[in-house]
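Below is one structure; the comments refer to it alone.
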2 protein chains.
Amino acid sequence: MTAEYEVFKEYLRQKGLKMTSPRENVLRAFLGHEGHLSTDDILVASRKLDPAIGQATVFRTMKLLEEAGLARDASQDNGPRKYEHAYKHSHHDHLLCIRCGRVVEFYDPQIEKAQKQIFAKYGFTETGHWMELHGLCPDCARQK
Amino acid sequence: MTAEYEVFKEYLRQKGLKMTSPRENVLRAFLGHEGHLSTDDILVASRKLDPAIGQATVFRTMKLLEEAGLARDASQDNGPRKYEHAYKHSHHDHLLCIRCGRVVEFYDPQIEKAQKQIFAKYGFTETGHWMELHGLCPDCARQK
DNA sequence: GTAGGTGCAAAAGCTTTGCATTTCC
DNA sequence: GGAAATGCAAAGCTTTTGCACCTAC
């Protein structure tokens, strides 16, 4: 079984919750795909493992996975919520092409450092951050 | 009349659209309040100027104001959409307390510069960016 | 006069919730 | 055995859309 499964199980145990078959299938479906997955993508993938899974279970389970540190909210704009893997995936930010939707993930130590300084400056305790850069990718800029 | 009114009118003219009384009232209602306004906040404020205004008009007008560069989407998480002033309000980012909801606006030239370097590194043409830092403000951290 | 705008109400999406039934510990 | 979880369907919210009537240019 995967390390993620163990992490999830332990998280549930600590909370007095149960590891169930639907939860396991949603986790496996989520882990089986990289990138930004909508809740519907996850529902479809989960049903390949168990056709009886309901969408409410996907919503409820993804919320738990987020709390357990296995998933991270990757929603953009006001469309459907999206999740990405969070376990042992180093933190990164996103560069998004507004025309073709292409997403580049990057990590910039300089920016991370500057963000920490902002937290310190205003006396805030950091819990997380979200940065998204929007632009045209080289291909789309060329077509213009 | 305000400079924003002129900007909006000019934007509409260029697009072959009309300046109307409801649009003017939504603009005035929006300009009359600082901070992050939900579409419902704007509806309520607009109705103080003209009780007959419908919410569809607020949605439609705010979309126009955004395109005209007068409003900027300031939505957080997946809740209702929020807008903030954009005209001659220099760009800034947000530091948000996850407990009390307090919002601090800041501007960090170092981060802005680093972001431009990211765009250049991946060959993207910049169109905008969104950064939000989440944490506990000093008051909430003390209460723990 | 006419293209465009408005308010209303209905529809459309996404997410949450109530509940009878089932499942895990 | 009993608390917790599930699937379904209904409800909730926010946002969009269709349409008959109105208005700015």
Side-chain angles (χ1 to χ4, degrees), chain A residues 1 5-6 8-30 36-44 46-68 71 73-83, chain B residues 1 5-6 8-30 36-44 46-68 71 73-83:
Chain A
M1 207 37 75
Y5 178 86
E6 297 303 331
F8 191 30
K9 196 168 179 180
E10 176 58 20
Y11 172 80
L12 293 172
R13 205 188 51 71
Q14 285 182 4
K15 288 271 212 169
L17 305 176
K18 298 167 184 170
M19 173 54 93
T20 65
S21 161
R23 284 182 179 161
E24 183 185 334
N25 283 321
V26 170
L27 173 60
R28 287 175 54 202
F30 171 62
H36 296 179
L37 302 170
S38 68
T39 39
D40 193 61
D41 294 334
I42 299 168
L43 174 62
V44 169
S46 300
R47 284 191 166 155
K48 286 182 183 159
L49 301 173
D50 172 6
I53 287 180
Q55 50 173 337
T57 298
V58 172
F59 276 94
R60 291 188 274 232
T61 303
M62 290 312 298
K63 203 157 281 185
L64 291 173
L65 290 180
E66 192 175 3
E67 290 165 18
D73 190 329
S75 303
Q76 290 145 7
D77 55 64
N78 277 65
R81 191 174 295 158
K82 294 192 181 57
Y83 288 101
Chain B
M1 207 37 75
Y5 178 86
E6 297 303 331
F8 191 30
K9 196 168 178 179
E10 176 57 18
Y11 171 80
L12 293 173
R13 205 187 52 70
Q14 285 182 6
K15 288 270 212 168
L17 304 177
K18 297 168 185 170
M19 173 55 92
T20 64
S21 162
R23 285 182 179 160
E24 183 185 335
N25 283 322
V26 171
L27 173 61
R28 286 175 55 201
F30 171 62
H36 296 179
L37 303 170
S38 69
T39 38
D40 193 60
D41 293 335
I42 299 168
L43 175 62
V44 169
S46 299
R47 284 192 167 154
K48 285 183 182 158
L49 301 173
D50 172 6
I53 286 180
Q55 51 173 336
T57 298
V58 171
F59 277 93
R60 291 187 274 231
T61 303
M62 290 313 298
K63 204 156 281 186
L64 291 172
L65 290 180
E66 193 175 2
E67 291 166 16
D73 190 328
S75 302
Q76 289 146 6
D77 55 64
N78 277 63
R81 191 174 294 159
K82 294 193 180 56
Y83 287 101

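No hydrogens, no waters, no symmetry mates; every other heavy atom, side chains included, goes into these values.
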**Fill in**
Scanning both residues in full, the closest heavy-atom pair of B:Leu64 with B:Tyr11 reads O-CE2, 4.0 Å
**Request:** Output yes when B:Lys63 and B:Glu66 qualify as a salt bridge under the 4.0 Å nitrogen-oxygen rule, no when they do not.
**Result:** no
**Prompt:** Are A:Arg81 and C:dG13 close enough that a side-chain N or O sits under 4.0 Å from OP1 or OP2?
**Reply:** no
**Message:** Between P on C:dC25 and CD on A:Glu10, what's the gap in Å once rounded to a whole number?
**Reply:** 13 Å
**Most 5' of A:Leu17 and B:Pro22 on DNA chain C, judged by nearest nucleotide** = B:Pro22
**Message:** If you only use heavy atoms from C-beta on, which nucleotide in C:dT6, D:dC25, D:dA5 is closest to the side chain of A:Thr20?
**Reply:** D:dA5
**Complete:** In whole angstroms, the gap separating P of C:dT22 from CE of A:Met19 amounts to 23 Å
**Complete:** Among C:dT15, D:dT17, D:dC25, the one nearest any side-chain atom of A:Phe59 is C:dT15
**Message:** Output the rounded distance in Å from CG (B:Asp40) to P (D:dT16).
**Reply:** 15 Å
**Message:** Quick check against the 3.5 Å criterion: does A:Arg81 have a side-chain atom that pairs as donor or acceptor with the backbone of A:Phe59?
**Reply:** no
**Item:** Nearest-nucleotide pick for A:Lys18, side chain only, options being C:dT15, C:dG5, C:dC25
**Value:** C:dC25
**Comparing B:Gly16 and B:Gly54 on DNA chain C - which has the more 5′ nearest nucleotide** = B:Gly16
**Request:** For B:Leu12 and D:dT23, give me the distance from atom CG to atom P, rounded to whole Å.
**Result:** 18 Å
**Request:** Tell me whether the OP1 or OP2 atom of C:dT16 has a side-chain N or O from A:Lys63 closer than 4.0 Å.
**Result:** yes
**Prompt:** When the nearest nucleotide of DNA chain D is assigned to A:Val58 and to B:Ser21 on a heavy-atom basis, which residue is associated with the more 5' position?
**Reply:** A:Val58
**Message:** If I take atom CD in residue B:Gln55 and atom P in nucleotide C:dG5, what distance separates them, rounded to the nearest angstrom?
**Reply:** 19 Å
**Separation of atom CG in B:Asn25 from atom P in C:dT6, rounded to whole Å** = 11 Å
**Request:** Write down the distance between CG (B:Asp50) and P (C:dC8), rounded to a whole number of angstrom.
**Result:** 10 Å
**Prompt:** Rounded to whole angstrom units, what separation is found between the CG atom of A:Asp41 and the C1' atom of C:dC14?
**Reply:** 14 Å
**Message:** Tell me the closest heavy-atom pair linking B:Ser75 and B:Pro80, and the distance in Å.
**Reply:** OG-O, 4.5 Å
**Fill in**
Per atom distances to the A:Arg23 side chain, the nearest of D:dT14, D:dT6, C:dC25 is D:dT6
**Phosphate OP1/OP2 of D:dT14 contacted by B:Thr39 side-chain N/O (<4.0 Å)** = no
**Request:** Find the distance between OG1 (B:Thr20) and CG (B:Leu12) and round it off to the nearest 0.5 Å.
**Result:** 8.0 Å
